There are 2 protein chains.
Amino acid sequence: MKQGADLQSLVGYRVQRANLLMETDARAALAAHDLSPAKMTALILIRDNPGCDQTALGRALSINRSSAMKLVNILADKGLVERRPGRDLRTNALMLLPEGARQLEAMLAAVRQSDARMTQRLSAEELKTLRALLIRLGPAPTPEDDED
Amino acid sequence: MKQGADLQSLVGYRVQRANLLMETDARAALAAHDLSPAKMTALILIRDNPGCDQTALGRALSINRSSAMKLVNILADKGLVERRPGRDLRTNALMLLPEGARQLEAMLAAVRQSDARMTQRLSAEELKTLRALLIRLGPAPTPEDDED
DNA sequence: TATTGTTATACTCTATAACTATA
DNA sequence: TATAGTTATAGAGTATAACAATA
């Protein structure tokens, strides 16, 4: 199947293919835990931001409140995360439970292994470059971004 | 929201964030055409591989026959693509119709503009490097890959 | 008025399983 | 037996719209 210059020249296309490759492998690495890479990310964020609320979690994951709700339900049903009373009566404080911490360690080990395998053809130097370049993707910051 | 070393060190995480950013912008750029970036990719593949069958298209997009079927249905319903008799009686030959070619040109212009905007903070040299590094992601080729 | 959580509902994308026709 | 297309069905992930409680 020929893939002409139109596709190859689009950075977005290359990023999408790379993401599919990496995500598929990470998902397979997590299969034993029955959690997706995105849900593992949520566990990491809750661990590193104990007491955060669902809306903030959703913002960090780029999903809305309603989607964050479903995600937290799943993590809570599995006994990995707990909703505690938050800073006011509207808000939950999300906390990683001991079982969540335990499983997260195992998941991280599996995903790190996957990540290492999928990047093994790049040198340490090249990986550093790749990370730096990926971070700089996105629209240029404009003065308006400073507003209010 | 703090994002600790565990996330930042995973290349897969960075690629996922970059993909979300790029894909969201490309999707917005295509909104007027009511087609996703993936469907535009399908149009490009059909244009560049006239007469290809649905299974091959699906393989190129990393989706299965059934999903490719649905995708082609949508493109055909919109009058962008046509199923012609293929190389044997089981197979379709997919062809881009004139209306598909016309719309694809407009879509490509919009997506190229999106791509340029999302990569504007990288120099031409850096873009070249990024493309080259992204292509090298994936498991190392093994001798078994040569088998049959 | 604005925000948080919540629920109901729907849409997109993909997959599996089974069937038909053809090879 | 194997392959291409097709269909029905289901699941994951996300979104919108509305509501209650609280700020």
Side-chain angles (χ1 to χ4, degrees), chain A residues 1 16-17 19-21 23-24 26-28 30-31 33-43 46 49 51-78 81-95 148, chain B residues 1 16-17 19-21 23-24 26-28 30-31 33-43 46 49 51-78 81-95 148:
Chain A
M1 196 77 163
Q16 188 260 318
R17 297 308 296 178
N19 184 51
L20 183 59
L21 215 59
E23 209 222 322
T24 301
R27 191 175 291 272
L30 291 176
H33 296 270
D34 196 33
L35 286 182
S36 63
K39 295 198 187 71
M40 189 196 74
T41 300
L43 289 180
I46 293 168
N49 299 275
C52 68
D53 63 51
Q54 292 180 183
T55 300
L57 178 66
R59 206 158 30 222
L61 293 166
S62 303
I63 59 179
N64 70 10
R65 278 181 301 157
S66 171
S67 301
M69 174 78 198
K70 272 196 172 181
L71 198 165
V72 172
N73 281 346
I74 292 170
L75 299 179
D77 287 351
K78 286 177 175 288
V81 153
E82 194 181 40
R83 287 177 170 107
R84 295 202 195 148
R87 63 182 181 282
D88 63 45
L89 287 175
R90 296 174 298 181
T91 313
N92 292 329
L94 300 177
M95 300 296 291
D148 190 54
Chain B
M1 196 76 164
Q16 188 259 318
R17 297 308 295 178
N19 183 52
L20 183 58
L21 216 58
E23 208 221 322
T24 301
R27 191 175 293 272
L30 292 177
H33 296 271
D34 198 33
L35 285 182
S36 63
K39 295 198 187 72
M40 188 195 76
T41 300
L43 289 180
I46 293 168
N49 300 274
C52 69
D53 63 51
Q54 293 180 183
T55 301
L57 177 66
R59 206 158 30 222
L61 293 167
S62 303
I63 58 178
N64 70 10
R65 279 182 300 156
S66 172
S67 301
M69 174 78 199
K70 274 198 171 180
L71 198 163
V72 172
N73 281 347
I74 292 170
L75 299 179
D77 287 351
K78 286 176 175 289
V81 153
E82 195 181 41
R83 287 177 170 106
R84 296 200 195 148
R87 63 183 181 281
D88 63 45
L89 287 175
R90 295 174 299 180
T91 312
N92 292 330
L94 301 177
M95 300 296 292
D148 189 51

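Below, read A as the first sequence line, B as the second, and so on, with proteins coming before strands; counting in each chain starts at 1. The shown structure was predicted, so the numbers you read here are calculated from the model rather than taken from an experiment. Worth knowing before you read on, the calculation uses all heavy atoms, side chains too, and leaves out hydrogens, waters and symmetry mates.
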Rounded to whole angstroms, how far apart are [atom1] on [X] and [atom2] on [N]?
X        : N       : atom1 : atom2 : answer
Glu23(A) : dT14(C) : CD    : P     : 12 Å
Arg65(B) : dT3(D)  : CZ    : P     : 10 Å
Asn19(B) : dC13(C) : CG    : P     : 14 Å
Asp53(A) : dT22(D) : CG    : P     : 17 Å
Asp77(B) : dT6(D)  : CG    : P     : 12 Å
Met69(B) : dC13(C) : CE    : C1'   : 16 Å

Worksheet item: Is the CG atom of Asp77(B) crowded by more than 12 outside heavy atoms at less than 6.0 Å?
Response: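 Counting other residues, nucleotides and ligands, CG of Asp77(B) exceeds 12 neighbours.
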Fill in: side-chain contact (heavy atoms from CB on, under 4.5 Å) partner of Arg83(A), the single match among Asn73(A), Asp53(A), Thr91(A), Leu75(A)
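For Arg83(A), the side-chain contact (heavy atoms from CB on, under 4.5 Å) test succeeds with only one of Asn73(A), Asp53(A), Thr91(A), Leu75(A), which is Asn73(A).
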Are any of [X]'s side-chain N or O atoms less than 4.0 Å away from OP1 or OP2 of [N]?
X        : N      : value
Arg83(B) : dT6(D) : yes
Thr55(B) : dT3(D) : no
Asn73(A) : dT6(C) : no

Output one line per pair: protein atom, nucleotide atom from nucleotides 21-23 of chain C, and distance, for all N/O pairs under 3.5 Å.
unit_1  : atom_1 : unit_2   : atom_2 : d
dA23(C) : OP1    : Leu89(B) : N      : 2.9

Item to complete: Using five base pairs at each end, measure the axis-to-axis angle across the helix from dT1(C)-dA23(D) to dA23(C)-dT1(D) and round it to 10 degrees.
Response: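 End axes: 0° apart.
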Worksheet entry | Between CG on residue Leu57(B) and CE on residue Met1(A), distance to nearest 0.5 Å |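 Between atom CG of Leu57(B) and atom CE of Met1(A) there are 5.0 Å.
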Discussion item. So, taking the atom named OG in Ser67(B) and the one named CD in Gln54(B), what distance separates them when rounded to the nearest 0.5 Å?
Written reply: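 Output value for this atom pair is 11.5 Å.
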Can you find a pair of side-chain heavy atoms, one from [X] and one from [Y], that are under 4.5 Å apart?
X        : Y        : answer
Met69(A) : Arg65(A) : no
Leu61(B) : Leu71(B) : yes
Pro37(B) : Met40(B) : no
Lys78(A) : Asp34(A) : yes
Arg59(A) : Thr55(A) : yes

Worksheet entry | Smallest separation among heavy atoms of Ser62(A) and Leu20(B), with atom names |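 Residues Ser62(A) and Leu20(B), closest heavy atoms: CB-CD2, 3.5 Å.
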Fill in: Minimal non-hydrogen separation, Lys39(B) against Ile74(B), with atom names
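Smallest interatomic distance, heavy atoms only, reads CE-CD1, 3.7 Å.
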Each nucleotide N or O in nucleotides 13-15 of chain D that has a protein N or O under 3.5 Å away: list the pair and distance.
unit_1  : atom_1 : unit_2   : atom_2 : d
dG13(D) : OP1    : Ser36(A) : OG     : 3.4
dG13(D) : OP2    : Lys39(A) : NZ     : 2.4
dT14(D) : O4     : Lys70(A) : NZ     : 2.8
dA15(D) : OP2    : Asn64(A) : N      : 3.0
dA15(D) : OP2    : Ser67(A) : OG     : 3.4

